[in-house]
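Here the structure comes first, spelled out in structure tokens, and everything after it is commentary.
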Amino acid sequence: MLDIQFIRDNPAVVKEAIDKKRTGSPDLVDRILELDHSWRQAVTEHQELKTEANASAQQIGALMKSGQRDAAQKLIARNTEMKSRLAELESRERSLHANLNGLLYEIPNIPHPTVPVGRTEEDNQVVHEWGKHPSFSFTPRAHWDLIEQHALVDFDRGAKVSGAGFPFYRGQGARLQRSLVQFFLDTATRRGYTEIQPPLVINEDSARGTGQLPDKEDLMYEAKRDGLYLIPTAEVPVTNLHRDEIIPEEELPLKYCAYTPCFRREAGSHGKIVRGLNRLHQFDKVELVQFVHPERSYDALEALREDAEALLVALELPYRRLLMSTGDMGFTQAKKYDLEVWSPGQEQWLEVSSISNFESFQARRMNIRYRPDGGGKPVVLHTLNGSGLALPRIVAALLEHGQQADGSIVLPAALHPWTGFDTIGP
RNA sequence: GGAGGGGUGGCAGAGCGGUUGAAUGCACCGGUCUUGAAAACCGGCAUACCUUCACGGGUAUCGAGGGUUCGAAUCCCUCCCCCUCCGCCA
């Protein structure tokens with residue numbers, strides 16, 4: 001959420017952001033400012049009466065002590081009368097504040113000036129491309145064929161046991177996944193990230209902190225009885241790690257990496273790219289999360305992006321980097337890159353990483369601040385995260401890129417120390 | 001799951017209906033002293049919000065929410081968390 005003070009001072013900027021993000025009506029800002037005004041009046045009124053009541057309560061105490069019961073009784077009577085009025089003012093203040101807060105949750109983050117203004121994914125900019133599309137002496141097959149040939153993943157039995165989108169990985173398929181997780185975590189650790197194993201379920205407060213609630217609850221599986229949600233990404237527990245904390249400035253930046261399964265209901269997602277490993281309800285991902293000083297968050301974004309891209313280079317997978325446009329970047333981000341790998345068997349790009357700077361948007365919701373060196377007021381810090389990387393589509397790309405004429409699959413050298421084998425099949 | 005104990009400021013730890021936002025100690029910051037340091041002494045030291053040009057003033061917060069009362073950290077109810085014992089168990 002945005003700072004109410006910022007909205008008071010820069011209503012035009014906020015309106016422009018709503019417009020650019022195509023996420024609601026700019027009128028919202030006017031309604032917020034009106035509500036804010038009424039709320040502040042209500043606060044003042046309530047507090048004034050409360051001040052009066054507090055003062056006479058103290059007088060009553062003094063009178064009682066000195067035995068002036070009659071004088072005390074008078075004041076007591078007056079305070080008793082005041083009570084209902086006080087309750088009224090309080091509930092008015094509360095409801096105004098709740099309304100105001102509700103509206104504040106509807107305001108999107110402000111896009112960074114470098115973000116292209118656009119309406120849809122068409123307006124995202126390809127800002128970088130690495131590697132060549134491979135050429136084959138045969139027609140490359142899609143990964144679902146290769147998976148079937150080598151019995152790497154069992155979709156049908158997964159559907160029987162759990163449902164569509166919950167596959168079994170087996171044999172070299174399972175081993176490949178585990179190797180990738182290890183490779184990603186080890187690389188991140190070497191680059192200064194602290195490895196985390198977070199809880200795989202989260203409570204409501206945490207879901208609210210990173211912005212899954214109130215709007216995107218359809219995304220998550222819910223354990224209703226216990227008020228818990230299965231994590232849609234490690235971003236949620238790892239970012240909430242420092243919720244309601246004040247971190248000494250000297251400890252910044254805090255960098256974490258975490259491997260977790262991710263659970264997504266993907267309600268209402270249809271279309272062409274849902275086959276095979278392209279879209280699942282449960283998938284593995286290594287997530288990178290950073291807590292940084294506000295002045296350094298854009299440097300951190302580029303470094304984080306680099307951390308993710310280095311993995312693709314090591315895996316010899318051609319990729320491109322997209323700078324997301326205002327219309328396609330999401331509600332909570334200030335700036336976001338997507339990384340996509342080329343899938344020769346499907347002849348399309350597959351998104352394997354999304355790297356974002358949230359600036360103070362998440363941190364304000366979660367109340368995560370740092371204490372400046374030498375003291376002073378706590379300041380809201382900046383949070384960032386990026387996938388490093390999402391597994392299934394990487395697996396798909398590796399299989400498709402490594403396939404040989406005889407159907408065997410050669411894996412990139414960087415992976416051999418983790419897999420223990422260099423070829424799958426024939 | 002059952003029985004009991006407990007949650008107070010960065011930490012430790014008092015308070016158990018009336019100037020208590022909260023004693024005291026430690027830590028931390030500033031100062032005096034000292035050639036320097038330590039010790040000693042003096043002062044400062046929570047968070048959020050409202051209000052004020054400013055100095056300042058005010059409100060709220062002692063796990064969370066509700067209640068009793070003129071007045072609650074202190075009494076009552078519900079929930080959460082931690083500890084001890086028992087049960088169950090990877």
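As a basis for the values below, the full set of heavy atoms in this structure was taken, side chains included, without hydrogen atoms, waters or symmetry mates.
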Could you measure between the two C1' atoms, the one in B/G56 and the one in B/U69, and give it in whole Å? 33 Å
If you draw a 6.0 Å radius around CG in A/D156, do more than 12 non-hydrogen atoms from other residues or ligands fall strictly inside? no
Any salt bridge linking A/E52 with A/R78? Criterion: basic side-chain nitrogen under 4.0 Å from a carboxylate oxygen. yes
Nearest-nucleotide check on RNA chain B, A/E52 vs A/A57; residue mapping nearer the 5' end is A/A57
Among residues 81-99 of chain A, which residues get a heavy atom nearer than 4.0 Å to RNA chain B? A/K83, A/R94
Salt bridge (charged side-chain N to carboxylate O under 4.0 Å, His left out) filter on A/R157, not counting sequence neighbours, yields A/D154
Geometric class of the A/H293/A/Y370 ring pair [parallel <30°, tilted 30-60°, perpendicular >60°]: tilted
Report which part of the nucleic acid A/S56 touches: base, sugar-phosphate, or nothing (heavy-atom distance under 4.0 Å, all strands). nothing
Considering residues at least two apart in sequence or located in another chain, which fulfil the side-chain hydrogen bond (donor to acceptor under 3.5 Å, both in side chains) criterion with A/D3? none
If you measure from the P atom in B/A14 to the same atom in B/G7, how many Å do you get, rounded? 9 Å
Would you indicate whether A/E295, at its atom CD, is surrounded by more than 12 heavy atoms from other residues, nucleotides or ligands within a distance under 6.0 Å? no
Are any of the side-chain nitrogens in A/K15 or A/D30 under 4.0 Å away from the carboxylate oxygens of its partner? yes
B/G67 and B/A60, which share atom name P, separated by this distance in whole Å: 15 Å
Using the C1' atom on both, measure B/G9 against B/C45 and round to a whole Å. 11 Å
Counterpart residues, side-chain hydrogen bond (donor to acceptor under 3.5 Å, both in side chains), relative to A/R85 (two or more places apart): A/E45
On RNA chain B, nearest-nucleotide positions of A/T44 versus A/R371: which is more 5'? A/R371
Under a 4.0 Å threshold between the charged nitrogen and the carboxylate oxygen, would A/R40 count as salt-bridged to A/D36? yes
What interatomic distance, in whole Å, is found between C1' of B/G5 and the corresponding atom of B/A22? 25 Å
What contact category does A/I60 fall into here, base, sugar-phosphate, or nothing, at under 4.0 angstrom with non-hydrogen atoms? base
Run the salt-bridge test on A/E400 and A/R141 with the 4.0 Å N-O cut-off and return the result as yes or no. no
Rounded to whole angstrom, note down the C1' distance from B/A72 over to B/C85. 34 Å
Would A/E88 and A/R92 pass as an ion pair if we require N to O under 4.0 Å? no
Going 5' to 3' along RNA chain B, which nucleotides are the first and last within contact of chain A (any atom under 4.0 Å from a heavy atom)? B/G18 to B/G71
Same-atom distance (P) from B/C88 to B/C77, integer angstrom: 32 Å
Using atom C1' in both nucleotides, what's the gap between B/U19 and B/G6 to the nearest angstrom? 30 Å
Across the strands shown, which category fits A/R8 at heavy-atom distances under 4.0 angstrom: base, sugar-phosphate, nothing? sugar-phosphate
Take a 6.0 Å sphere around CG of A/D70 and say whether it holds more than 12 heavy atoms from other residues, nucleotides or ligands. no
Would you write out the dot-bracket form of RNA chain B, 5' to 3', with Watson-Crick and G-U pairs under 3.5 Å, [ ] for crossing pairs, | for pairs to other strands and . for unpaired bases? ((((((((.[[[..)..(.....]]].(((((.......))))).((((((....)))))).[[[[[..)....]]]]])))))))....
